[in-house]
There are 2 protein chains.
Amino acid sequence: MPDGAPVTAVEETYTISQLAEAFELTPRTIRYYEDEGLLTPRREGQQRVYTHRDWARLKLIMRGKRLGFTIAGIKDFLDLYEVGDAQVPQMRFLLNSARDRIATLEQQLRDVQQTLVDLKEIEGLVVDHLARKGALDA
Amino acid sequence: MPDGAPVTAVEETYTISQLAEAFELTPRTIRYYEDEGLLTPRREGQQRVYTHRDWARLKLIMRGKRLGFTIAGIKDFLDLYEVGDAQVPQMRFLLNSARDRIATLEQQLRDVQQTLVDLKEIEGLVVDHLARKGALDA
DNA sequence: CTCTCACTTTACGTTTACGTAAACGTAAGG
DNA sequence: CCTTACGTTTACGTAAACGTAAAGTGAGAG
């Protein structure tokens, strides 16, 4: 076994455009996320090499975007997943960040639920109105 | 009873800065929403006069913002509440809009719930870590 | 060797959602 | 009459999140 050989199987990697296609983003966007510190792919020559770790982070990024978070906010959020090596003061900070975010998410949860109630009521009204006009086909 | 006298009690009105303070916005922002067609206050001379209807719409606007909608998206959403006088083709359009929005909101609901699960797990890990270090005071 | 293709960097452009400054109107108070 | 307070319009400025064009690099095909 040659020195420095990988212990685990060779990890699967992705190019930037593979990631772009998978997540329906442009390479530009993915590079932008790197500029903002959300991704840190290694380089092979000058080319970026992404691993399944970047894949996972991109999934979290997309979820954050669907939730309306800013890129900076998503970065903070991603940092929460990197708890391993933190010291106690940093830990306290992370804990507060996590709890803040939980609070706003619980507000968002209520907002979504209420909006769904509203919209379904509207939907009912419209369907009703169309029914009275006998225009409910299609 | 004089001609043209209001049947109901005189409706309560608000100035732009009253609204601004109540919703923690700037007057600039409220005028911007008017430019974008989200609010249409009547004028008294050159001053804007807002009613409780504008108040209600602003509440919906703020909720939309918390949900990460764009201003244009919020406008479309507000239009859904104006179903009364629509014709059938317009009704069909509204129905589709409402259903589309319901779909994305249900996705958002799942996202919020999953993110809450994630964050609470992180919170648990951090609390645990701090406990082992005996640093859970304060 | 040339061409193509995918990737790279640099840098200016664009949209959204307001901020901010300038200049003015108007009613109330001293 | 002057100031103060609040309102107005007009218009340029700005931060965020990319789009887009220009120009260069490196590997492989013909």
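Quick caveat, the model's predicted, so the values are computed rather than measured. Residue numbers start from 1 in every chain, and the chains themselves are labelled A, B, ... in the order their sequence lines are given, proteins ahead of strands.
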Could you state the CD-P distance from A:Glu34 to C:dC7, rounded to the nearest angstrom? 14 Å
When you match A:Arg28 and A:Gln47 each to their closest nucleotide on DNA chain C, which lands nearer the 5' end? A:Gln47
Select from A:Thr15 and B:Glu36 the residue whose nearest nucleotide in DNA chain C is closer to the 5' end of that strand. A:Thr15
On DNA chain D, check which nucleotide each of B:Pro27 and A:Thr29 is closest to and give me the residue with the more 5' one. B:Pro27
Protein-nucleotide distance (A:Ile16, atom CD1; C:dT8, atom C1'), rounded to Å: 9 Å
OP1, OP2 of D:dC18 versus side-chain N and O of A:Thr26: anything below 4.0 Å? no
A:Tyr32 side chain near D:dA16 phosphate (N/O to OP1/OP2, under 4.0 Å): no
Side-chain donor/acceptor contact of B:Arg31 with base of D:dT8 under 3.5 Å: no
Once you round it to whole Å, what is the distance between C1' of C:dT16 and CG of B:Asp35? 14 Å
Distance below 4.0 Å between A:Ser17 side-chain N/O and C:dC7 OP1 or OP2: yes
Among D:dG24, D:dC18, D:dT8, find the nucleotide with the atom closest to the side chain of B:Gln46. D:dT8
Taking N and O atoms by type only, does the side chain of A:Arg48 place a donor or acceptor under 3.5 Å from a partner on the base of C:dT8? no
What I want to check is whether the side chains of B:Arg63 and A:Thr115 have a donor and an acceptor closer together than 3.5 Å. yes
